[in-house]
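Worksheet: one structure, shown below.
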Amino acid sequence: MATAGQWLEGARPRTLPNAIAPVLVGTGAAASIDGLVWWKAVLCLLLSLALIVGVNYANDYSDGIRGTDDERVGPLRLVGSKVASAAAVRNAAIGCLAVGAVIGLVLVATTAWWLILVGAGCLAGAWFYTGGRNPYGYSGFGEIAVFVFFGLIAVLGTQFVQAERVDWAGLLGAVAVGSFSSAVLVTNNLRDIPTDSVSGKHTLAVRLGDTRTRTLHIVLLAVPFVVSLALVARTPLALVGLLALPLAVRANAPVRSGQGGPGLIPALRDTGLALLVWSILTAVALGFA
């Protein structure tokens with residue numbers, strides 16, 4: 001039976017910036033058009049956290065029963081390492097996604113009914129990333145899904161439920177957060193190219209190959225800083241986002257130097273840290289716009 005610490009590690013806490021960042025930026029974007037609603041921002045944060053933990057457990061379950069995680073160089077996987085049963089991890093995933101669904105229904109009831117369709121799409125995207133007969137994460141669409149769900153939908157959804165509209169600043173913020181989040185997954189999949197190739201998991205990294213995947217990481221990390229420059233049109237304070245640039249450079253260093261396997265774990269950590277810092281700085285800047 002897995003310990004509490006192993007369940008926590010299985011939730012992949014290093015991915016939590018991907019859940020926190022879009023809510024920060026979306027809330028900042030809402031504040032910049034005088035639409036900030038604090039209690040809705042808190043609900044959005046809880047929803048985002050529930051979904052990402054649910055996604056992580058769902059991926060652990062689906063990859064585990066397929067044998068994809070039998071040989072890993074990264075953090076613990078509950079099913080693959082056999083410290084927890086597949087049924088227990090599946091139930092944990094369903095429980096987290098159900099919590100997210102309940103929170104989402106509260107936001108739907110207080111904002112707009114059609115958001116339930118968006119929520120249903122998010123839940124389906126969470127489960128079928130590695131679940132089902134033809135998981136799209138095994139076909140090279142994982143980074144696109146992360147960009148859409150943890151970038152566009154999460155940021156613009158947060159802005160909309162508070163301000164009841166979105167604008168160009170929110171859209172740019174969504175592109176930036178989506179790029180950062182995709183860079184996190186690119187790093188993870190770059191590390192796993194050897195094992196994913198053997199197990200039949202054709203991620204974007206497997207399809208692009210090692211060299212082009214490393215180039216993609218640089219491009220994705222550059223996008224948010226271009227966005228910081230563009231957001232000057234809303235507020236000159238947006239330039240504070242450039243203070244996260246050294247973190248992004250550090251995050252890319254292991255990728256740039258050709259590291260593989262465990263050598264890429266620091267890149268995972270630092271990409272998430274750059275995402276979080278950029279999002280905090282940008283959210284504050286937009287909030288004071």
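Here the structure is a predicted model, which means the values were calculated and not measured.
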ask   = Near Y136 OH, under 6.0 Å, is it more than 12 heavy atoms from other residues, nucleotides or ligands?
value = yes
Using 4.0 Å as the upper bound for N to carboxylate O, is an ion pair formed by D192 and K201? no
*asked:* Strictly distance-based, threshold 3.5 Å: is any side-chain N or O of S48 a donor or acceptor partner for the main-chain N or O of C44?
replied: no
Between I280 and L24, the two heavy atoms sitting closest are CG1-CD1, 3.6 Å
All heavy atoms of A183 vs all of T187, minimum pair found to be O-OG1, 2.8 Å
Donor-acceptor contact below 3.5 Å, side chain N252 vs main chain A248 | no
Check whether D60 reaches the backbone of V79 with its side chain - one donor and one acceptor, N or O, closer than 3.5 Å. yes
From the list L247, L245, T282, side chain to side chain contact (heavy atoms under 4.5 Å, CB included) with V277 holds only for L247
- Query: Between the side chain of R214 and the main-chain N/O of V255, is any donor-acceptor distance below 3.5 Å?
  - Reply: yes
Would a single hydrophobic cluster contain both L243 and L172, if residues Ile, Leu, Val, Met, Phe, Trp and Tyr are joined by side-chain heavy-atom contacts under 4.5 Å?
no
Check: Are V55 and L185 in one and the same hydrophobic cluster, where Ile, Leu, Val, Met, Phe, Trp and Tyr link if side-chain heavy atoms are under 4.5 Å apart?
Finding: no
Does atom CH2 of W38 have more than 12 heavy-atom neighbours from other groups under 6.0 Å away?
no
Quiz item: Would you find more than 12 non-hydrogen atoms of other residues, nucleotides or ligands less than 6.0 Å from L208 atom CG?
Solution: yes
Does Y129 form a side-chain hydrogen bond (donor to acceptor under 3.5 Å, both in side chains) with D63? I'd like the steps, not just the answer. CA-CA 10 Å; Y129 173 57; D63 283 342; over 6 Å; no
Is there a path of hydrophobic side-chain contacts, each under 4.5 Å between heavy atoms of I/L/V/M/F/W/Y residues, joining V186 to L276? no
| field | Student check: side-chain heavy atoms of I20 and S279 closer than 4.5 Å | value | no
Here the pair of heavy atoms bringing R256 nearest to V249 is NH1-O, 3.7 Å
**Prompt:** So L152 and L171, side-chain contact (heavy atoms from CB on, under 4.5 Å) or not? Walk me through it.
**Reply:** CA-CA 7 Å; L152 300 182; L171 179 58; 4.3 Å; yes
Taken to the nearest 0.5 Å, the spacing of L204 CG from I193 CD1 works out to 9.5 Å
Quick note, side chain to side chain donor-acceptor pair (under 3.5 Å) partners involving residues 149-160, not counting sequence neighbours, are Q159-D167
When every non-hydrogen atom of L47 is compared with those of G100, the smallest separation belongs to CD1-O, 3.0 Å
Exercise for the section: Carefully, step by step, assess E9 and R14 under the rule side-chain contact (heavy atoms from CB on, under 4.5 Å). Expected result: CA-CA 9 Å; E9 187 175 356; R14 287 178 179 170; over 6 Å; no
State plainly whether one hydrophobic cluster holds both L51 and L105, where clusters connect Ile, Leu, Val, Met, Phe, Trp and Tyr through side-chain heavy atoms under 4.5 angstrom apart.
yes
#### Entry: Under 3.5 Å: donor-acceptor pair, side chain of S32, backbone of A29
yes
Pairs of donor and acceptor atoms involving the side chains of residues 220-231, under 3.5 Å and at least two apart or interchain, shall be tabulated with distances.
{"residue": "S228", "atom": "OG", "partner": "P224", "partner atom": "O", "Å": "3.3"}
{"residue": "S228", "atom": "OG", "partner": "W278", "partner atom": "NE1", "Å": "2.8"}

In this structure, CZ of F128 is separated from CG of N134 (nearest 0.5 Å) by 10.5 Å
Evaluate L239 against V232 for side-chain contact (heavy atoms from CB on, under 4.5 Å), listing each step before the verdict. CA-CA 7 Å; L239 290 175; V232 169; 3.6 Å; yes
When every non-hydrogen atom of T15 is compared with those of N56, the smallest separation belongs to OG1-ND2, 2.9 Å
Requested in this report: Go through N18 and F180 one step at a time and tell me if the side-chain contact (heavy atoms from CB on, under 4.5 Å) criterion holds.
Outcome: CA-CA 8 Å; N18 296 64; F180 261 133; over 6 Å; no
Rounded to the nearest 0.5 angstrom, the CD1-CG distance for I33 and L286 is 10.5 Å
Problem - Y57 side chain vs A88 backbone, donor-acceptor pair below 3.5 Å - result: no
Heavy atoms of G54 and A93 approach each other most closely as O-CB, 3.7 Å
- Tell me whether W7 is reachable from I65 by hopping between hydrophobic residues (I, L, V, M, F, W, Y) whose side-chain heavy atoms are closer than 4.5 Å. yes
| Does any non-hydrogen side-chain atom of F147 lie less than 4.5 Å from one of S179? | yes
Q.
When you measure from the side chain of S62 to the backbone of N59, do you find a donor-acceptor pair of N or O atoms at a distance under 3.5 Å?
A. no
In this structure, CG of L107 is separated from CD of Q162 (nearest 0.5 Å) by 9.5 Å
d(L264 CG, L190 CG) to nearest 0.5 Å is 5.0 Å
> Does the side chain of S181 reach to within under 4.5 Å of the side chain of L275, using non-hydrogen atoms?
Replying inline: yes
Query raised in the report: Hey, is the main chain of S139 close enough, under 3.5 Å, to the side chain of R207 for a donor-acceptor pair?
Result: yes
Contact between V53 and L16 at the side-chain level, heavy atoms closer than 4.5 Å - yes or no? yes
Rounding to 0.5 Å, atoms CG (L97) and CD1 (I52) come to a distance of 11.5 Å
Flag, side chain of K40 to backbone of T110, donor-acceptor distance under 3.5 Å
yes
